[in-house]
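Working notes for the structure below.
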Amino acid sequence: MDITLVEETPFRFRIERQVPMRVPGVVFATRELLPQAAGDKALEQVVNVATLPGIVRASYAMPDVHWGYGFPIGGVAATDMDAGGVISPGGVGFDISCGVRLLAAGIDRGPLAPRMRRLMDILGDTVPRGLGPGGLWKLSGRSQLGELMVSGAAYAVEHGRGVPRDLERCEDRGTLPGADPSQVGQRAVDRGLRQVGSLGSANHFLEVQAVDRVYDEPTATAFGLHTGQVCVMIHCGSRGLGHQVCSDHVHAMDQSLRSFGIELPDRQLACAPAVSTPGSAYLGAMAAAANYGRANRQLLTEAARHAFTVVAGAGLDLVYDVSHNMAKIETHDVDGVRRRLCVHRKGATRALPPGHPDLPDDLAEVGQPVLVPGTMGTASYVMAGVVGNAAFWSAAHGAGRVWSRHQALRRVRGEQLHEELESHGIAVRPKSWRALAEEAPDAYKDVDAVAVATEGAGLARLVARLVPLGVVKG
DNA sequence: ATGTTC
């Protein structure tokens, strides 16, 4: 497919609407960050998404955009719930509610340095990770899992896994409303029962980091961050449960497409009107899986707190927890009219501006923390939501792949990468050499460039840069 | 992303 990009600003490109697109495509990126790898069909996917029934304004891509299942990763699309707008599982992603949580430690990097090895050893021994079963919390059965899926991180806190303040710093206070566990199939339940409190594999990690640089002192202070401070960043999702929910509902929606008269350029965009039986079934299951992912991050937080208490007598305060694979029902102005939209963010972080009523009181003046993890061995960024965000309050979610996993395996050896990271002073506790090689820093875009482009595009602003001290990988 | 191909 031949796609013409019109450069509107150094940080914004436009794909003009042409049949069968319903809206234009808008790509927030620099020329250097545009998908260029051979075979990367991300821009074609931006165009495909623009054909979806009920889509409003534009099909958006964030600076870390790359090829995904149906929708690009780094894609944002909003559909009008009350005008036949669709919900598509491919617009959320297989890892429903995959997201990031940042914790601020009560210790700086200097005092922690002599105890770093022991800290990493304890984290390496206590954080369940890798493929397959194994989690910190053994659930009694479907009924307990059902309660967890209804309440999310709040369920974990109510059961002693965390403190009430944690919930104040979780998106939606840790509970996405509307969860319907009855729409989560038996296979998903069976997989989920054995994985609550586990990191998973691939790009998921638990990292010990230090604040390397502060760009905005007052906002960093409001977030509880200062230069030299140690942090913990947790990146994980809803494991096999979310994956199974996505598979099951993609299949169901593929079957129901004809009954709604929906024609798609790619079957991976399988969808249904958000207001329909299959649409609400998926939304209920998605919310259940989202809450599972949030409870998962809450449990891993407790493992990190245990290690920090034992080794350093230091606490970990939650800065923020935000999902970057979600569809949410939100009200936005579209051409001057308030509309109820289904906002798909797939590999895109919600970024509420200052003054938004959904922010906790103590963050109302500075905006939502926007967490942008880098890849292994590189920096991560803390940004903040801004007024004027043109993509339904959305921003980048990470570095974004440029090599496929297969390409990475051909070019990188896990053992060698491990040695390189350790020689740079980064302690690594991997589960498998293969997973390590797949996540090589060279397989990703430059996260520093992604953060700069995110700010340049007016999606969020820089607050702090974090560098890795130690990483626990699946 | 993923009991790494129903």
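The figures here come from the full heavy-atom set of this structure, side chains too, leaving out hydrogens, waters and symmetry mates. Residue numbers begin at 1 in each chain, while the letters A, B, ... track the order of the sequences.
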With A/Arg187, which residues qualify under salt bridge (Lys or Arg N to Asp or Glu O under 4.0 Å), at least two apart?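 With sequence neighbours excluded, A/Arg187 shows a salt bridge (Lys or Arg N to Asp or Glu O under 4.0 Å) to no residue whatsoever.
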Which distance, rounded to the nearest 0.5 Å, do you find between the NZ of A/Lys473 and the NZ of A/Lys431?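 Atom-to-atom, A/Lys473:NZ and A/Lys431:NZ are 14.0 Å apart.
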Rounded distance (Å) that lies between atom [atom2] of [N] and atom [atom1] of [X]:
{"X": "A/Leu131", "N": "B/dT5", "atom1": "CG", "atom2": "P", "value": "10 Å"}
{"X": "A/His249", "N": "B/dT2", "atom1": "NE2", "atom2": "C1'", "value": "17 Å"}
{"X": "A/His243", "N": "B/dT4", "atom1": "NE2", "atom2": "P", "value": "9 Å"}
{"X": "A/Arg194", "N": "B/dT2", "atom1": "CZ", "atom2": "P", "value": "14 Å"}
{"X": "A/Tyr292", "N": "B/dA1", "atom1": "OH", "atom2": "P", "value": "17 Å"}
{"X": "A/Asp190", "N": "B/dT2", "atom1": "CG", "atom2": "P", "value": "18 Å"}
{"X": "A/Arg405", "N": "B/dT2", "atom1": "CZ", "atom2": "P", "value": "9 Å"}
{"X": "A/Lys431", "N": "B/dT4", "atom1": "NZ", "atom2": "P", "value": "15 Å"}

Hey, are A/Arg465 and A/Asp448 close enough for a salt bridge, meaning a charged N less than 4.0 Å from a carboxylate O?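 Answer for the salt bridge query: yes.
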Salt bridge check: are A/Asp266 and A/Lys41 linked by an N-O gap of less than 4.0 Å?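 A salt bridge is absent here (no side-chain N lies under 4.0 Å from a carboxylate O).
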Classify A/Ser201 by what it touches in the nucleic acid, base, sugar-phosphate, or nothing, heavy-atom distance under 4.0 Å.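 Since only primed, P, OP1 and OP2 atoms lie under 4.0 Å of A/Ser201, the category is sugar-phosphate.
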Contact class for A/Glu438 vs. all strands (heavy atom < 4.0 Å): base, sugar-phosphate, or nothing?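 No contact.
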The side chain of A/Glu439 lies closest to which of these nucleotides: B/dA1, B/dT4, B/dC6?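 Taking heavy atoms from C-beta onward, the closest nucleotide is B/dA1.
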State whether [X] places a side-chain N or O below 4.0 Å from either non-bridging phosphate oxygen (OP1 or OP2) of [N].
{"X": "A/Asn325", "N": "B/dA1", "result": "no"}
{"X": "A/Arg401", "N": "B/dA1", "result": "no"}
{"X": "A/Arg239", "N": "B/dT2", "result": "yes"}

Face-on cation placement of A/Arg57 at A/Phe392 ring, 6.0 Å and 45° thresholds: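 Flagged: A/Arg57 positioned over aromatic ring of A/Phe392.
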Identify whether NZ of Lys or CZ of Arg in A/Arg161 sits under 6.0 Å from the centre of the six-membered ring of A/Trp137 and within 45° of that ring's axis.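 Pair A/Arg161/A/Trp137 counts as cation-pi.
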Any salt bridge (Lys or Arg N to Asp or Glu O under 4.0 Å) involving residues 271-297 of chain A? Give me the pairs, sequence neighbours left out, ordered by first then second residue.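 Non-adjacent pairs meeting salt bridge (Lys or Arg N to Asp or Glu O under 4.0 Å): A/Glu171-A/Arg294, A/Asp172-A/Arg294, A/Arg297-A/Asp321.
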Could you identify which residues of residues 89-98 of chain A place a heavy atom less than 4.0 Å from some atom of DNA chain B, listed by residue number, or say none?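 Correct list: A/Phe94, A/Asp95.
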